[in-house]
Each structure stands twice: as C-alpha cells, then as structure tokens.
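As structure tokens, the structure follows; a few thoughts come after it.
Both backbone and side-chain heavy atoms feed into the values below; hydrogens, waters and symmetry mates do not.
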Amino acid sequence: MERRNFTVISEFVLLGFSSSEEEQRLLTLLFFSMYLITISGNMLIVLAITCDSQLHSPMYFFLSNLAFLDICYTSTTVPQMVVNTLTDTKTISFSGCLTQLFFFISFVNMESFLLCVMAYDRFVAICHPLHYANIMNPHLCVQLVAGLWVVTYFHALLHTVLMAHLSFCASNVVHHFFCDLNPLLQLSCSDVFFNKVIIYVVGAPLALTPFICILISYVFIFFTILKVISTQGKHRAFSTCGSHLSVVMLCYGTAIAVYFSPSSSHNSVRDILSSVMYNIVTPVLNPFIYSLRNKDMKRALMKILCKCTAFSSNKVLNE
C-alpha cells in the first residue's frame with residue numbers, strides 16, 4: 001500500500017468576498033452597517049412586543065421569535081467576518097468552523113419553519129376567524145416553537161457530526177465568508193457521498209415541507225380573500241400576503257440554489273451572493289416588511305420612543 005505524508009488541517013482560511021483588500025473592506029463595512037440595522041431593528045421589535053400587552057397575541061409571539069432569530073442568525077457569521085477583515089487573519093479554527101456551521105444550519109432551518117408557522121397563523125386568522133382563539137392558543141404556540149427548535153437542533157447536529165468525521169488534508173482555503181456546507185465538502189479529501197445524500201434525503205424534506213405548507217396556506221388565504229366584499233380589505237390583505245411571500249421566495253430561492261443544485265453547477269461567486277441574500281439582506285428587511293408597515297407595531301414603537309425621550313429629558317433636567 002502506498003503511504004502518503006499529509007498534514008491534518010487544524011484551521012481554515014475564509015477567503016471572503018474579493019481578492020482585493022480594498023473591496024473586501026468596503027463590502028465588510030457595508031454588511032456590518034446592515035448588521036447593526038438588523039440588530040437594532042429586531043431588538044426594538046422584541047422590546048415593543050414584550051412591553052405592549054396589546055401585542056401579546058400568537059401573531060406577534062411568532063414575530064418576536066423571528067426577530068430574535070434574525071439577531072442570532074446574522075450574529076453567527078457577520079462578527080467573525082468583520083474580525084477577520086480588520087485583523088487580516090481570515091482564519092478560523094476547525095472547532096470554531098464546526099460551531100459556526102452548527103448554529104448556521106440551526107438558524108436557517110428555524111427561519112423557514114417560523115415562516116411556515118406564521119403563514120399557518122394567517123391561514124387560521126383569515127379562513128377560520130371564529131376558531132382562531134381556540135386553535136392558536138398560547139400553549140400550542142409555545143409547543144410549536146419549542147418542537148421546531150428541537151428538530152432544527154438535531155438536524156444541525158447530524159450535519160456537524162458528519163462533517164467532523166471527514167478528513168481535511170489538502171487546501172484549507174474556504175472560498176466563502178463563513179463555514180458553509182458545500183465549500184467545506186469541496187475541501188475534504190474523504191468520500192463525501194454520504195454527506196451529500198444526507199443533504200438531499202434529510203435536508204430537502206426539511207426545507208421543502210415548510211415551503212409547500214406556506215404555498216398551500218396562501219392558496220386557501222387567496223380564495224378566502226376573493227370572497228371579501230370590501231375592496232380596501234382585499235388590498236390590505238393582499239399587501240400583507242405579498243410582503244410575506246416575497247421574503248419566502250427570496251429565502252427559499254437562494255437556499256435551494258445553493259444547497260440543492262447539482263455539484264457541477266456550483267460557483268463560489270454565485271454561492272457567496274446567494275448566501276449574502278439570505279444571511280444578511282433578508283434579516284435586515286424583515287423588521288421593515290413585518291413590523292414597520294404594521295399600525296400596531298408603529299404605535300408600540302412610538303410609545304417606546306416617547307418613553308425613552310421623556311426619560312432622557314428628565315435625566316438632563318435633574319443634572
């Protein structure tokens with residue numbers, strides 16, 4: 001048997017967005033600014049829903065979970081990217097890479113499940129309004145969110161454990177700005193056939209089932225809205241559904257393009273752009289799409305801002 005000398009890789013180099021340092025820094029600054037908007041916007045949403053008793057309903061419960069998830073989601077990748085760019089190291093340890101992969105997969109799946117649950121909530125509210133309180137009771141809402149976290153945890157753990165058993169003995173340069181599945185699989189010198197099978201056999205149903213449920217929910221919502229006599233009511237309902245569906249299409253379209261397209265069609269630039277869309281752009285849009293166009297959320301946010309302004313004024317006067 002032929003023996004080969006090789007060095008086991010203990011860290012990875014995250015190449016990032018561009019080979020040019022100037023472009024890399026400009027893009028990092030842009031994405032970090034979007035990250036700060038995502039954090040501040042979603043924290044305001046969570047605070048408004050928590051403090052306003054009139055927003056203690058299933059719809060806003062799921063919305064607060066989505067806002068919290070977006071904070072965790074972007075925090076998995078953006079801070080590491082900023083540190084790597086500012087320090088010019090671009091490295092991440094093997095264990096750190098697996099940790100990032102685990103949390104990223106968990107939050108990606110949880111995002112799709114929450115979008116599905118929110119679509120179901122709107123389906124019950126519009127199609128079965130008289131039974132809404134009984135169906136979407138607080139106990140069921142908590143059970144749904146907790147159960148989805150468990151499912152996404154084990155799914156992420158499965159991919160992380162399989163990745164940990166692979167050997168990386170050639171190049172350690174990841175053509176991405178974070179540790180994602182496909183770029184890591186391309187670097188492995190082990191047989192990754194089983195890992196790819198798991199992506200399609202386990203990952204595809206977990207990704208496509210919520211998407212199909214969302215479409216079915218909106219088919220029923222669409223036909224129910226058509227029966228509404230009020231033109232204003234139809235316009236308001238279609239506007240809300242259109243915003244939700246646009247985020248769903250953006251999230252699922254980019255994810256399917258990256259993870260479920262043939263390996264031969266993968267392109268590092270395209271994968272990075274798709275990842276930026278669902279990892280940075282979508283979370284920063286969610287506060288505007290789901291909350292700032294909502295009258296109840298605007299009222300709750302104005303109350304918080306008024307309280308903060310009054311507190312600041314009193315503090316200045318006391319000083």
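Using a 4.5 Å cut-off between side-chain heavy atoms of Ile, Leu, Val, Met, Phe, Trp and Tyr, with links allowed through other members, V83 and V78 fall into different hydrophobic clusters. Residue V174 is grouped with residue L166 when hydrophobic side chains (ILVMFWY) are merged at heavy-atom distances under 4.5 angstrom, including chains of intermediate members. When the side chains of ILVMFWY residues are joined at heavy-atom separations under 4.5 Å, either directly or via intervening members, V284 and F68 end up in two distinct hydrophobic clusters. L27 and L29 are not part of a single hydrophobic cluster, where members link through side-chain heavy atoms under 4.5 Å apart. Under the 4.5 Å side-chain heavy-atom criterion for grouping Ile, Leu, Val, Met, Phe, Trp and Tyr, L144 is connected to Y132 within one hydrophobic cluster.
A donor-acceptor pair is defined here as one N or O able to donate and one able to accept, closer than 3.5 Å; no such pair exists between the side chain of E111 and the backbone of L69. The main-chain N or O of T38 is found under 3.5 Å from a side-chain atom of N42 such that the two form a donor-acceptor pair. Checking side-chain atoms of T85 against main-chain N and O of T28 turns up no donor-acceptor pair under 3.5 Å. A donor-acceptor pair is defined here as one N or O able to donate and one able to accept, closer than 3.5 Å; no such pair exists between the side chain of H128 and the backbone of F123. The closest donor-acceptor contact from the side chain of T209 to the backbone of L206 lies at 3.5 Å or more, if one exists at all. Remark: side-chain polar atoms of N109 are not paired, donor with acceptor, to backbone N or O of T152 under 3.5 angstrom. Of the possible polar contacts, one joining the H56 side chain to the T50 backbone as a donor-acceptor pair under 3.5 Å is found. Here the side chain of D180 pairs no donor or acceptor atom with the backbone of P183 at under 3.5 angstrom. With S188 contributing its side chain and L185 its backbone, the two residues share no donor-acceptor pair below 3.5 Å. Looking at D191, its side chain does come within 3.5 Å of a backbone N or O of F193 through a donor-acceptor pair.
When side chains are defined from C-beta on, I71 counts as touching M43, because their heavy atoms get closer than 4.5 Å. Residues L26 and L30 form no side-chain contact, since every pair of their non-hydrogen atoms from C-beta on lies 4.5 Å or further apart. Looking only at side-chain heavy atoms (C-beta outward), M163 and L181 come within less than 4.5 Å of each other. Considering only heavy atoms from C-beta on, I214 comes within 4.5 Å of Y218 through its side chain. Counting heavy atoms from C-beta on, the side chains of M110 and L114 come closer than 4.5 Å. Contact annotation: the side chain of L101 approaches that of I105 to within less than 4.5 Å [non-hydrogen atoms, C-beta and beyond]. Looking at heavy atoms from C-beta onward, L148 lies in side-chain contact with V117 at the 4.5 angstrom threshold. Within the 4.5 Å cutoff, side-chain heavy atoms of C179 are placed close to those of L184.
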Inset, instruction - Take H131 and V124, measure what side-chain contact (heavy atoms from CB on, under 4.5 Å) needs, and give me the verdict at the end. - result: CA-CA 8 Å; H131 302 284; V124 177; 5.8 Å; no

Inset, instruction - Show your working on side-chain contact (heavy atoms from CB on, under 4.5 Å) between L162 and I198 and close with a plain yes or no. - result: CA-CA 9 Å; L162 290 175; I198 291 298; 3.7 Å; yes

Inset, instruction - Report the C-alpha distance between I135 and Y120 in whole Å, list the side-chain angles of each, state the deciding distance to 0.1 Å, and finish with yes or no for side-chain contact (heavy atoms from CB on, under 4.5 Å). - result: CA-CA 11 Å; I135 297 175; Y120 176 71; 3.7 Å; yes

Legend entry - Steps toward side-chain contact (heavy atoms from CB on, under 4.5 Å) verdict (R299, Q54): CA-CA 10 Å; R299 176 185 51 77; Q54 295 183 20; 3.2 Å; yes

Legend entry - Residues F177, F31; criterion ring pair (Phe, Tyr, Trp, His ring centres under 6.0 Å); working and verdict: CA-CA 12 Å; F177 64 96; F31 295 143; 7.2 Å; no

Legend entry - Check against ring pair (Phe, Tyr, Trp, His ring centres under 6.0 Å), F168 and F12: CA-CA 10 Å; F168 297 89; F12 294 100; 5.3 Å; yes

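Under the side-chain hydrogen bond (donor to acceptor under 3.5 Å, both in side chains) criterion, N84 pairs with Q80, not counting sequence neighbours. Applying the disulfide bond (SG atoms under 2.5 Å apart) rule to C51 yields no partners; only residues at least two apart in sequence or on another chain are considered. In this structure S75 satisfies the side-chain hydrogen bond (donor to acceptor under 3.5 Å, both in side chains) test together with Y35, sequence neighbours excluded.
The closest side-chain donor-acceptor pair between Y60 and D52, if any, does not fall under 3.5 angstrom.
The sulfur atoms (SG) of C116 and C213 lie 2.5 Å or more from each other.
Remark: R122 CZ to S217 OG distance equals 11.5 Å, nearest 0.5 Å. Within the model, atoms CE of M81 and CG of N279 stand 8.5 Å from one another, a figure rounded to the nearest 0.5 Å. For the atom pair CD1 (I49) and OG (S57), the distance works out to 8.0 Å, reported to the nearest 0.5 Å. Between the CE atom of M59 and the SG atom of C141 there is a distance of 12.0 Å, given to the nearest 0.5 Å. In this structure, N65 CG and I45 CD1 are separated by 12.0 Å, a value rounded to the nearest 0.5 Å. A distance of 7.5 Å separates CZ in F220 from SG in C127, rounded to the nearest 0.5 Å.
Residues S171 and L187 approach most closely at O-CD2, 3.8 Å, considering heavy atoms. Of all heavy-atom pairs between A67 and V46, the closest is CB-CG2, 3.8 Å. Considering every non-hydrogen atom in both P205 and P210, the closest pair reads O-CD, 4.1 Å. Across L55 and A48, no two heavy atoms sit closer than the pair CD1-O, 3.9 Å. Taking every heavy atom of both residues into account, L98 and A164 meet most closely at CD1-CB, 3.7 Å.
Checked against the 6.0 Å centroid criterion, the rings of H176 and F178 qualify as a close aromatic pair. Ring centroid separation for the pair Y73 and F103 does not come in under the 6.0 Å cut-off.
Under the side-chain contact (heavy atoms from CB on, under 4.5 Å) test applied with I221, the options I126, I216, L226 reduce to a single match, I126.
Atom CZ of F94 has more than 12 heavy atoms from other residues, nucleotides or ligands within 6.0 Å.
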